[in-house]
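Contents: one structure, followed by commentary.
What you see is a predicted model; the values in this text were computed from it and never measured. Side chains are part of it too, since the values below use all heavy atoms of this structure and drop only hydrogens, waters and symmetry mates. Here is the naming used below: chain letters follow the sequence lines, and residue numbers restart at 1 for every chain.
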Number of protein chains: 2
Amino acid sequence: MVTERSDVTQILAEIFREHGYAGASLSEITNRTGLGKGSLYHLFPDGKEGMARAVLFEVADWFEENVFMPMRAPDNPDGGIDHMFTEVLRFFDTGRRTCLMGAFALDDARDRFPSEIQAYFLDWTRMLATALRRSGFEKNAAREAAEEVVAGIQGALVLARSLGDPAIFVRAIKRLRKRTGLDQQV
Amino acid sequence: MVTERSDVTQILAEIFREHGYAGASLSEITNRTGLGKGSLYHLFPDGKEGMARAVLFEVADWFEENVFMPMRAPDNPDGGIDHMFTEVLRFFDTGRRTCLMGAFALDDARDRFPSEIQAYFLDWTRMLATALRRSGFEKNAAREAAEEVVAGIQGALVLARSLGDPAIFVRAIKRLRKRTGLDQQV
DNA sequence: CTTGTTGTGTACCATTTGGTACAAATTAGC
DNA sequence: GCTAATTTGTACCAAATGGTACACAACAAG
C-alpha cells in the first residue's frame with residue numbers, strides 16, 4: 001500500500017493538476033490512491049481542503065528548496081538563474097505537466113487559497129528580480145524581466161497544454177533564458 | 001427578465017470564468033441568470049455542457065470578428081496588430097477579467113472541449129504569425145514571436161489574477177506590443 | 001499475551017449535483 | 001377572443017458529492 005503521506009500527496013498533486021480543485025472528486029482520489037476514506041481522513045483531517053493545502057505546501061516547499069535557495073547564492077547569480085530554468089523545465093516535465101498554482105488561480109480554489117497562490121508567485125518574481133539585479137540588471141528592468149519570465153512560463157504551460165504540444169514550453173524556456181542574458185538588460 | 005439567449009450567454013461566461021467548468025454549479029447559474037431550470041434547459045437543451053459550448057462559441061466568434069478579421073487586412077498589418085492589443089486589453093477588462101479558454105484548458109473542461117480550446121489558440125497564433133510576416137518578420141521569427149505574444153498574454157492574466165494586480169497585465173501588453181515592433185524582428 | 005495506539009475499510013449520512021416531467025403561464029397567429 | 005405554440009416555474013429524480021461513525025485490523029510497548 002501507499003501509506004506514506006508524501007506518496008499520497010504526490011498522487012493528489014497529479015489529480016488536482018488534471019481536474020482543478022472542484023473537479024477533483026473524492027471518489028477519484030480514493031481510486032487513484034487506493035486508500036479508503038478512513039485512511040484518507042486520518043491522513044488529512046480537514047478533508048479535501050486539507051489535501052489541497054498539503055499539496056500547495058509541498059509545491060511551495062519544492063520551489064523553495066530547488067529553485068529559490070540556489071538563486072539566493074550571493075555569488076554567481078547567473079548560475080542560480082540558469083539553474084532555475086533547468087529545474088523548472090524538469091519540474092513541469094518538459095511541458096507535459098501543468099502548473100497547479102496556475103490551475104488553482106483560474107478556479108474556485110482561488111477564493112479558498114488566495115494567500116498561498118499569491119505567495120507562490122510573489123516569491124518567485126521577487127527572488128528572480130533580485131537575482132537579476134545582482135546579475136547586472138537595473139532595478140526596474142529586473143522587476144519587469146522577472147515578471148515577464150514568470151508570466152511567460154505560465155502562459156507557455158497553458159498554451160502547451162491547450163495545443164497538446166510540449167515543445168511550445170521548451171521553446172519558451174529557451175527564449176526566456178536568453179531574455180535574462182546580460183545582452184538585453186537595460 | 002433576461003430571456004435573450006445572448007444575455008444569458010454573457011452571464012454564463014462570467015460564471016465559467018470565475019469557477020471553471022466543474023465549479024460552475026447549476027444552482028449558481030439559476031441564481032445569477034434569474035432563470036429557472038425550465039427556461040435554462042429550453043434555451044440549452046444539452047444542459048451545462050451546451051451552455052459551456054455556447055459560451056466557447058461566443059468567445060471564438062468575438063475574437064474572429066474583433067481581432068482576427070481586422071488582422072487579415074492585407075495592407076497595413078501593423079495596424080491590425082496594434083488593433084489586436086487594444087481589443088485584447090479591452091476584452092480582458094484591463095487585466096481584471098480572466099481568460100475562459102485558459103481556465104478551461106487547465107480544468108476538467110479540457111477533456112470535454114479539446115478541439116474548441118485548441119482551435120482558439122491555434123487560430124490566434126496563426127493569425128498573428130501571418131500578420132507579423134506581412135509586417136516584415138522572417139517566417140520562423142514570426143511564428144516564434146506570435147507564440148511568445150499569446151503565451152505572454154495568458155501568463156500575464158494568470159499572474160494578474162493570482163496577485164490581484166491588473167497592472168501586471170497592462171505592463172505585459174505594453175511589453176509585447178513593443179516586441180512586435182519592427183525593431184526586434186531579426 | 002495484553003494493552004493502547006495508530007491505521008484502515010465499510011456502511012452510512014445529509015446535501016447537492018445535473019437533469020427530467022409536467023402543468024401552468026405567456027405569447028403568438030388568426 | 002380562441003387556439004396552438006412557445007416559455008417558464010415547480011416539484012421531483014437518481015446519482016454523486018464531501019464527510020462522519022465506528023468496528024476492526026496492525027502494531028508497537030510493556
Determine: side-chain N/O of H42(B) to OP1/OP2 of dT7(D), distance under 4.0 Å, yes or no. yes
Residues passing the side-chain contact (heavy atoms from CB on, under 4.5 Å) test with R134(B), sequence neighbours excluded, are P74(B), P77(B), T130(B)
d(CZ, F44(B); C1', dT6(D)) in whole Å: 17 Å
For DNA chain D, the residues among residues 13-29 of chain B that have a non-hydrogen atom under 4.0 Å from it: none
What is the distance, rounded to the nearest whole Å, between atom NZ of K37(A) and atom C1' of dC22(D)? 15 Å
Here the pair of heavy atoms bringing V67(B) nearest to E87(B) is CG2-CB, 4.2 Å
Just the rounded figure in Å: distance from P of dG19(D) to CG of D46(A). 9 Å
Within the modelled atom types, does a donor on one side and an acceptor on the other bring the side chain of K48(A) and the base of dG19(D) under 3.5 Å apart? no
Pairing of R179(B) and E148(A) as salt bridge, 4.0 angstrom limit: no
Under 6.0 Å from the ring centre and within 45 degrees of the ring axis: does the NZ or CZ of R53(B) meet both conditions for the six-membered ring of F113(B)? no
Please determine whether residues F85(A) and W62(A) belong to a single hydrophobic cluster, defined as Ile, Leu, Val, Met, Phe, Trp and Tyr linked transitively by side-chain heavy-atom distances below 4.5 Å. yes
Spacing between N31(A) atom CG and dA16(D) atom P, to the nearest angstrom: 12 Å
Distance check needed: dA25(D) C1' versus L35(A) CG, whole Å only. 15 Å
Let me spell it out: for each of S39(A) and Y41(B), pick the nucleotide of DNA chain C with the closest heavy atom. Which residue's pick is nearer the 5' end? S39(A)
Minimum heavy-atom separation for T94(A) to F169(A), with atom names? C-CD2, 3.9 Å
Could you tell me the separation between the CG atom of L43(A) and the P atom of dG7(C), rounded to a whole number of Å? 8 Å
Between P of dG19(D) and CD of E49(A), the distance in whole Å: 8 Å
